[in-house]
Amino acid sequence: MQYGLAVRAAVSAVAIPVLLATLSGCFRAGPAAGEVPQNGGPSPTTGGTVASATPPEPLGRDDEDDDEGPTAPVAKAAPAAAAFATAWARPGLDAARWLEGVTPLCVPRFAEQLRTVNPANLPASRITGRPRPTYPVRDGGGQFAIPTDRGTLLVSVADIKGRWLVTGNDFKRAGQ
């Protein structure tokens, strides 16, 4: 019994100071005076923000269209999303005619991606309701959920030079 207590006391005498020394280093605000940080990353400014961080782009923005221009009215964002949804949900068209309908409603980069879509494989064939914002329309972008006969079409839009254009879409099947 005495031997077990002696071992515990010896382990505690070593482990506790090591633990305290380790933890005290975890709670320091920064390097000690004259000490150089070891990570080589950007150093924080006062207030704890990173000086080299850039703010994220607003939802729906497309970097190829960063030129400033006129601003589109927020009230026209939902009709733009609805127009895309109506043009999108037409699986009976051939690919060329389908693409003619959706392309003018999209930013060029997204329109190019849509060239790979076979309309016959679309999961929905008609729109059954009005667009509902899923993210507030602000800072030049937003997203809308549009009900269809087989699920919900999510449409992201951006204000590009005074016109709301689609930057992407997704589909959630009913029951998911």
My understanding is that only one of Leu122, Thr148, Ile146 makes a side chain to side chain contact (heavy atoms under 4.5 Å, CB included) with Phe171; could you say which?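 Of Leu122, Thr148, Ile146, side chain to side chain contact (heavy atoms under 4.5 Å, CB included) with Phe171 is met by Thr148 alone.
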Using every non-hydrogen atom in the two residues, find where [X] and [Y] come nearest and quote the distance to one decimal.
X      : Y      : result
Ala75  : Pro79  : O-CD, 3.2 Å
Ala82  : Pro131 : CB-CG, 3.7 Å
Gly101 : Ala87  : O-CB, 3.6 Å
Pro104 : Leu165 : O-CD2, 3.9 Å
Thr167 : Val157 : OG1-N, 4.2 Å
Ala111 : Leu99  : O-CD1, 4.3 Å

For [X], check side chain to side chain contact (heavy atoms under 4.5 Å, CB included) against everything at least two apart and list the hits.
X      : value
Ala80  : Trp164
Pro133 : Phe144
Asn121 : Asn118

Sidechain-backbone polar pair: [X] side chain, [Y] backbone, donor-acceptor under 3.5 Å:
X      : Y      : value
Asp170 : Leu154 : no
Thr134 : Gln143 : yes
Asp159 : Thr71  : no

Name all pairs fulfilling the side-chain hydrogen bond (donor to acceptor under 3.5 Å, both in side chains) condition that reach into residues 88-104, sequence neighbours left out, sorted by first residue then second.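 Matches after skipping sequence neighbours: none remain.
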For Thr86, what residues pass the side-chain hydrogen bond (donor to acceptor under 3.5 Å, both in side chains) criterion, not counting sequence neighbours?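 Testing Thr86 for side-chain hydrogen bond (donor to acceptor under 3.5 Å, both in side chains), a comparison that skips the adjacent residues, returns none.
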Give me each pair satisfying salt bridge (Lys or Arg N to Asp or Glu O under 4.0 Å) with a member in residues 110-133, each pair once, sequence neighbours excluded.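 Only Glu112-Arg115 qualify under salt bridge (Lys or Arg N to Asp or Glu O under 4.0 Å).
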